[in-house]
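This report concerns only the one structure given below.
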Amino acid sequence: MGDVVSSHLDEDRREMITARTREWMKEFSQVYEQQYAVALFNSVRFEIEGGGGTQSQLLHRKDPLAGCTIFSGSLFQYLEENRKWRNRFVFVPKDYTINLYESKAAHERGLHPKLTINCAGYKALTSMEEYMELINKSLPGVKAKVGSNPFIKCATGFPLILWHPYARHHYFCVMTEKEQKKWHAVLQDCVRDSNNGLPENCTVKTPAFTDAVRLHRQARGQYGTWDMMCGTPPQILANLVMETLHPDIRNMIVPRLKGKMQQRQKNWMLISDAVYKQVLTQTTGQYEALVEACEAQRGPLDARLRTDMDQIITSKEHVSSKIRALVLPKAEQILRTNIQPYINSILEALMDPTSRGFAEVRDVFFREMVEISKNSLNGGGKEKMGENMERLSMLAFHPVKMQSCYEKVEELNLEGLQQRFDVSSPSVFISRAQILMREQMDNAVYTFEQLLNQSLEAQGDSDMCKLTQRCQDRVLKKYDYDSSTVRKKFFREALLQIIIPYMLQQLAPSCSPELPRFKELIFEDFSRFLLIENMFEEVVLQSVSKDIMMAVKEAAVQRRHNLYRDSIILTNSDPNLHLLGDNPQVDWATKFGGDEPEGSVSSADEGRGFGRRRKQVVSMIQLDGVPLPYESCLEVPGVELIPEEDAESKEEENEEDQLGKAEDLSPKSPDSVNEIRDLINPVVEVAVPVSKEQSEVTNKTEATTGSISVEDGVEEGVTHVTTVVETVPKGSLGEKTSPQAILQQLVASKKQEVDKEEAAIQNAIEELEIAVQEDESEQITEISAAESDNESSPPLVTDSSSREDSGFQSPTSEGPVDSEPQPITNGLNGEEKIVDPVEVEVVLS
């Protein structure tokens, strides 16, 4: 593997990659330094002038995942080094990175993980067909059939693949479809959170970076939305470099790749990953140096801004008016002919799936409230209430429970509008809507917790159901208002992201040559804070904002979107509520529970007020008594049960688990080829009696061909027969029964049962006739029927209660109940010799 990379990426090509990245970063650094000063000016101006949108009604949690982990469990990972599948323990902390360990014990000992995956830019796939389609798109000219595997053979039928256009791919698999769905939800949440890598609370660095990336791409003629604007700034910069470098390297190396189609695909992926790592290392170092240099100048720039703010604003308004006179007539013409006819269509495509997603968030929250109310009415107790509240507190970050909400938004489709407005895909808007849905869910949960805690402290827990209902109603009203506000803001931002790049692209040929002359109107002292490119975009933005605001306002009138009108503003509706936002998060396990759960946590976590344990958001633990299949879903120490299914699915699981509890079908994790082969070719044990003449049979394995009927009636092929002879100590012969005696007893008892049942029915009919004739009371009739039943019931060897419950008496139930092997006698009276049972293992093909 290393030879392939080194042979195609020699020293000259690596130097070429380094030079291209350095040149690209030099151009970006110039744009970033300019945008940093502009972003600082906007931040200081906002701080001085104030302003902002409407105040949210729900409380916002500052650190929702403090003291928590997301998920831990085991699955199979494909190792490209030796082309084998190995069981790995996966631990997902609150930063949503995926850490893979050799085993759970290695994680508990604090060892370093074998592999750490940052999921930014990845896609979580569940089928080889979808993966092959992406492989063919990323490597044109080297295509495989849709149904063929590229270079791996999945150990099970439930794969999980992390695909990246440039970086290394990761292959996993699990044993069941249910596990696959849960793991897929977890992986999607990791990708979703990692893609959202730009912190919004950085009011200078984040807007400076996003504007610099956008202007840099526009300078190269790329105006539309970009799917790879995901991850941290160094990752985004690496994606930008690879956007132009990757095709050049591919055209240079792919024609020289040798071997079969699958081998060429694998080699190219290894080469692409090596190039991406080299570029990412370089962009990380240079971006950190760039930010450090800009932060060093922030103090002097901030002082100059605060001194000359009024003059800078006046100068900006003067220049903007000149630019507006040039741009506005052309912008209005484009807006009238090319944009206004499509605004309603774009808005409708955005609103329907987004509104359904936010409505599903409300329904999921309401269902959790119903479960808590049921617990209160049924007298579940404080400990059960504490468990429910602990589960509720992490509801927003539970990917399995939130999956139904996310799926609603994934139906968003801009087909027919993407080419016109140069929208690469709707994934940018889908991811943003899902992040907003998660935030609103967490705000609703946190507000409910604070309100309920306040009510309990004031009124006690004597009427828990009533308090819960009151708090629930208050939170739902606030959620409806905040949901409407957030969605309208999202719609406006999405329309601007679609329309503004299109208008800039249309206006660039006619307006760009005229813009440089406006630089003469800006004082040199203010030139760092006032850039013509930014003012030009602001003018275009103002020209289209009125139409966008009007379209969203008209949509709010339609009842089916469940939006509040702009005239409805809730101010000071709950003035004391926001005072609760400064309170620490409620530890419900301590408040309602008794003893502290086992498990340790760092001192930093103890200081956050979460008690002495670590909470896990997603718990794949099955119900009590149900084994964990192949250790595929394990729990970290001190983690409480947080089931992710509703009550109906739990009942179904309980029924299935009770049926399977009689048989111990919980093999440990197969970590070798032989163990996996045993899963494919199962072994069936059959006990047969051996006569005295056959007592010389020994332990041996023989190859054979044949078939055997298993319990479900399916004929399975037999490839090997292994004979194992067990010696059974002689016991009390008088208590043993021969097979012939057992057979005779079965036939006699069955005949006796039929005769006695017919006699009992006849006696019951006679008793009823006598009761009708004598006009006796119903009570006397029941007594006589009972007496007749008692008199007619014979002393049977078998258990009659089981027959009455099921209506069927299994012949095998009459034998010994003990699971230990029982010696069998040949004589009718138990006098003859004892024969030993022999276990025969039948290997099914």
To the nearest 0.5 Å, what is the distance between CD on E102 and CG on N87? 9.5 Å
Looking at L280, is its backbone amide N or carbonyl O close enough to the side chain of T283 to form a donor-acceptor pair, meaning the two atoms are under 3.5 Å apart? yes
Salt bridge present between K123 and E130 (N-O < 4.0 angstrom): no
Less than 6.0 Å separating the ring centroids of H60 and Y446? no
side-chain contact (heavy atoms from CB on, under 4.5 Å) between K104 and S74, worked out: CA-CA 8 Å; K104 182 180 179 182; S74 294; 5.7 Å; no
Can you check whether E390's main-chain N or O pairs, donor with acceptor, with S393's side chain at less than 3.5 Å? yes
Quick check: do L237 and V279 have side-chain heavy atoms less than 4.5 Å from each other? no
Going by heavy atoms in the side chains, are I98 and L162 under 4.5 Å from each other? yes
Is there a donor-acceptor contact under 3.5 Å from the side chain of N239 to the main chain of M228? yes
Is C173 close to F158 at the side-chain level, that is, under 4.5 Å between some pair of heavy atoms? no
Taking T156 for the side chain and V174 for the main chain, is one N or O donor matched with an acceptor at less than 3.5 Å? yes
Under 6.0 Å between ring centres, would you say that holds for F429 and F490? no
When you check the gap from the basic side-chain N to the acidic O, do R61 and E449 get nearer than 4.0 Å? yes
Residues R214 and D211 bridged, charged N to O under 4.0 Å: yes
To the nearest 0.5 Å, tell me how far F172 CZ sits from L75 CG. 6.0 Å
I'd like to know if the side chain of D482 reaches the main chain of L58, judged simply by a donor and an acceptor atom lying under 3.5 Å from each other, with no hydrogens or angles considered. yes
Parallel, tilted or perpendicular: which describes the rings of Y276 and H164, with under 30° parallel and over 60° perpendicular? tilted
Quick one: do the S483 and Q440 side chains pair a donor with an acceptor below 3.5 Å? no
Less than 3.5 Å apart, any donor N or O on the side chain of N118 or T97 sitting next to an acceptor on the other? no
Side chains of R86 and R88: does their closest heavy-atom pair fall under 4.5 Å? yes
Angle class for the Y171/Y131 ring planes (parallel below 30°, perpendicular above 60°, tilted otherwise)? perpendicular
Parallel, tilted or perpendicular: which describes the rings of Y101 and F89, with under 30° parallel and over 60° perpendicular? tilted
Quick one: pull up OG1 in T447 and CG in L452 and give me the separation to the nearest 0.5 Å. 12.5 Å
Residues R217, E243: salt bridge by 4.0 Å N-O rule: yes
Test side-chain contact (heavy atoms from CB on, under 4.5 Å), reference Y96, set N196, D189, V191, output is D189
Verify, without hydrogens or angle tests, whether H184 (side chain) and A124 (backbone) share a donor-acceptor contact under 3.5 angstrom. yes
Students often mix this up, so state it plainly: with edges at 30° and 60°, are the rings of H170 and Y122 parallel, tilted or perpendicular? tilted
Would you please test Q403 and Q188 for side-chain contact (heavy atoms from CB on, under 4.5 Å) and show each step? CA-CA 9 Å; Q403 186 65 21; Q188 282 184 315; 3.3 Å; yes
R487 and T354: CA distance, side-chain angles, deciding distance, side-chain hydrogen bond (donor to acceptor under 3.5 Å, both in side chains) verdict: CA-CA 8 Å; R487 277 181 289 154; T354 306; over 6 Å; no
Would you indicate whether the side-chain heavy atoms of F91 and T69 approach each other to under 4.5 Å? yes
Is there a donor-acceptor contact under 3.5 Å linking the side chains of Q235 and T232? yes
Does any part of the side chain of N443, heavy atoms only, come nearer than 4.5 Å to the side chain of S56, both counted from C-beta? no
Determine, stepwise, if the pair Q57 / V475 fulfils side-chain contact (heavy atoms from CB on, under 4.5 Å). CA-CA 9 Å; Q57 297 296 306; V475 170; over 6 Å; no
How about Y78 and W85: are their ring centres within less than 6.0 Å of each other? yes
State whether E368 and R391 are salt-bridged, where the test is any N-O pair (Lys NZ or Arg NE/NH1/NH2 against Asp/Glu carboxylate O) under 4.0 Å. yes
Could you walk me through whether S272 and Y166 pass the side-chain contact (heavy atoms from CB on, under 4.5 Å) check? CA-CA 6 Å; S272 176; Y166 313 125; 4.2 Å; yes
Rounded to the nearest 0.5 Å, how far apart are CD1 of I498 and CD of E493? 12.0 Å
Quick check: do S72 and V90 have side-chain heavy atoms less than 4.5 Å from each other? no
Do N136 and Q265 have side-chain heavy atoms sitting under 4.5 Å apart? yes
E177 and K182: salt bridge (charged side-chain N to carboxylate O under 4.0 Å, His left out), yes or no, with the steps? CA-CA 9 Å; E177 182 180 2; K182 294 178 181 179; over 6 Å; no
Here's one to test your reading of the geometry: is the NZ or CZ of R192 within 45 degrees of the ring axis of Y406 and under 6.0 Å from its centre? yes
Report the C-alpha separation of D273 and K277 in whole Å, then their side-chain angles, then the decisive distance to 0.1 Å, and conclude whether the salt bridge (charged side-chain N to carboxylate O under 4.0 Å, His left out) test is met. CA-CA 6 Å; D273 178 60; K277 288 181 178 178; 3.4 Å; yes
Kindly compute the distance separating CG (L347) from CZ (R492), expressed to the nearest 0.5 Å. 11.0 Å
Gap separating the CG atom of N195 from the CZ atom of R432, nearest 0.5 angstrom: 13.0 Å
Side-chain donor-acceptor contact under 3.5 Å, D227 with S425: yes
